Amino acid sequence: MALQTGPSGSQVSTSTSPAEEAFIICDNLVKIYKVADLEAVALQGLDLQVQRGELMAIIGNSGSGKSTLMNILGGLDRPSAGRVFVGGRDLLKMTEAQLVRYKRDVVGFVWQNTARNMLPYLTAIENVELPMVIAGRYGPKERQWARELLEVVGLSGRAKHKLSELSGGEQQRVAIAIGLANRPPLLLADEPTGSVDTRTAATIFDMFRQIRDQYGTTIVIVTHDPKVMSKVDRVVAIRDGKTSTETIRRVAIDMADFAAGSIVLGETHDEFVVLDGAGRLQIPREYLEKLSIKKKVRLDLEGDQIIIRPIPSEEADDKDQDSRHRRWGFR
Ligand SMILES: Nc1ncnc2c1ncn2[C@@H]1O[C@H](COP(=O)(O)OP(=O)(O)OP(=O)(O)O)[C@@H](O)[C@H]1O
Ligand SMILES: [Mg+2]
């Protein structure tokens with residue numbers, strides 16, 4: 001199996017940009033929750049880099065560590081090991097006061113549960129103004145900014161409505177405006193479309209793109225929505241607390257049309273397998289199953305390719321025995 005030309009076109013990716021340039025850098029993040037005597041490993045050596053102004057999504061099964069990662073990036077939780085930088089700040093070296101400023105000014109949060117985002121007895125505009133009031137910034141400029149944000153999320157006409165008078169989708173759009181109130185360079189959204197219908201979800205994803213384009217905000221969205229691929233620049237999949245694959249959206253020119261005299265822009269998606277800091281990669285489960293690969297493979301460097309070959313089962317068994325013998329000093 002040659003990963004460079006694998007059946008579904010998977011390619012191997014090492015980090016291409018230097019670490020200093022990325023806006024978010026997660027380096028070998030580990031998070032272990034201890035409940036009574038039990039330990040749950042939520043993140044196990046997760047590496048991730050997000051560029052400034054990138055609009056990206058994180059997908060993964062329930063329990064794969066997505067919310068854990070978002071909480072760490074948002075400064076709400078600390079990793080058990082590893083390093084995390086946002087905009088050049090080392091989140092683990094911040095004092096409590098710096099962390100408070102970070103949560104107020106650098107990062108905005110949108111949660112799936114709208115109740116967590118806002119106060120129901122205030123109007124939409126009051127809710128958007130509230131983070132600025134709490135930060136001690138409130139005047140004509142801020143009021144104008146709150147109005148602009150409601151316009152961005154398409155709710156100018158609902159500014160004076162109490163939240164209880166808005167639909168779930170509208171409330172979630174207010175939540176996005178609230179998340180942007182203090183002009184954070186980073187917006188984190190944990191399943192922002194989890195409780196809205198498909199059409200509203202598409203509108204919300206379009207809004208994230210518009211916000212990124214207009215304000216340059218770096219946006220990280222956790223989602224289960226399979227349609228996210230066409231709405232963001234990059235999708236990173238987390239499996240068992242580690243980044244496993246990433247898919248990058250590209251705009252492609254249809255060469256047939258180009259030759260015929262017109263240019264048609266289409267979309268292609270390149271899928272990559274991610275290498276961690278130690279050079280390990282996760283091979284997609286379906287590849288392993290197709291070639292009956294269990295514990296070992298043969299790895300050969302051939303020209304500009306690394307070939308991963310299954311080992312015939314008998315040979316693998318022999319090798320297992322060999323290594324056991326060597327370990328126990330039988331020869
Ligand atoms: N506060 C906590 N205490 C103990 N264990 C936790 C805590 N938070 C998360 N976990 C565990 O860590 C693992 C990752 O949880 P996390 O909430 O990050 O998953 P997720 O990918 O967001 O899942 P979902 O898609 O269901 O939201 C799970 O096994 C979970 O049970
Ligand atoms: Mg979650």
Side-chain angles (χ1 to χ4, degrees), residues 24-50 54-86 91-92 96 99 103 107-118 168-169 171-172 175-176 178-179 186-198 200-202 204-205 208 218-229 231-232 234-247 271 273-274 276 280 282 284-285:
I24 297 175
I25 301 164
C26 297
D27 177 22
N28 211 2
L29 278 190
V30 175
K31 178 70 190 181
I32 300 169
Y33 289 107
K34 290 202 179 84
V35 181
D37 285 343
L38 295 175
E39 287 189 347
V41 185
L43 297 178
Q44 35 188 332
L46 179 134
D47 295 315
L48 176 71
Q49 295 195 5
V50 182
E54 196 175 357
L55 171 63
M56 59 97 60
I58 294 177
I59 58 168
N61 291 341
S62 181
S64 58
K66 305 180 297 295
S67 296
T68 302
L69 171 64
M70 296 294 263
N71 288 338
I72 290 173
L73 290 177
L76 304 172
D77 204 351
R78 282 176 181 259
S80 313
R83 297 187 312 159
V84 54
F85 295 87
V86 175
L91 261 51
L92 296 180
E96 278 306 313
L99 207 56
K103 286 188 272 191
V107 57
F109 238 112
V110 182
W111 311 94
Q112 174 181 355
N113 177 0
T114 45
R116 197 169 170 183
N117 294 305
M118 47 205 162
Q171 290 184 18
Q172 199 55 312
I176 295 170
I178 295 170
L186 173 62
L187 188 66
L188 302 174
D190 195 349
E191 304 207 30
T193 59
S195 26
V196 299
D197 62 45
T198 324
T200 311
I204 287 178
F205 279 121
F208 282 127
T218 306
I219 305 180
V220 181
I221 309 164
V222 164
T223 182
H224 279 111
D225 194 331
K227 285 205 228 45
V228 69
M229 203 76 87
K231 300 281 187 184
V232 296
R234 182 164 63 118
V235 177
V236 169
I238 297 191
R239 208 168 69 200
D240 303 331
K242 257 177 159 332
T243 41
S244 58
T245 55
E246 70 178 58
T247 310
E271 192 180 337
V273 179
V274 180
D276 72 12
R280 287 180 291 246
Q282 283 189 323
R285 197 176 302 279

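The first residue of the sequence shown is numbered 1, and numbering continues consecutively from there. Both ligands and their constituent atoms are indexed starting at 1 by order of listing. The structure displayed is predicted, hence computed values, not measured ones.
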- Distance in Å, Phe205 CZ paired with Leu55 CG, rounded so as to fall on 0.5 Å steps: 9.0 Å
- Measure the CD1-CD1 distance between Ile238 and Ile59 for me, rounded to the nearest 0.5 Å. 9.5 Å
- Message: Has Asp197 got a side-chain atom pairing as donor or acceptor with Thr200's backbone, closer than 3.5 angstrom?
- Response: yes
Quick one: are [X] and [Y] in side-chain contact, heavy atoms under 4.5 Å?
X	Y	answer
Leu76	Lys103	yes
Phe109	Met70	yes
Leu188	Val107	yes

- Test applied, side chain to side chain contact (heavy atoms under 4.5 Å, CB included); reference residue, Leu43; option that passes from Thr243, Asp240, Thr68, Ile32: Thr68
- Query: With respect to Val235, which candidate in Ile58, Val228, Ile221 satisfies the side chain to side chain contact (heavy atoms under 4.5 Å, CB included) definition?
  - Reply: Val228
- Message: Between Lys66 and Asp190 (salt bridge meaning N to carboxylate O under 4.0 Å), is one present in this structure?
- Response: no
- Task: Would you please write out the protein residues whose heavy atoms approach any atom of ligand 1 to under 4.0 angstrom, listed by chain and number?
- Result: Tyr33, Val35, Ala42, Asn61, Ser62, Gly63, Ser64, Gly65, Lys66, Ser67, Thr68, Glu191, His224
- Task: Using a cut-off of 2.8 Å, count how many protein N, O or S atoms are strictly closer to the Mg ion (ligand 2).
- Result: 1
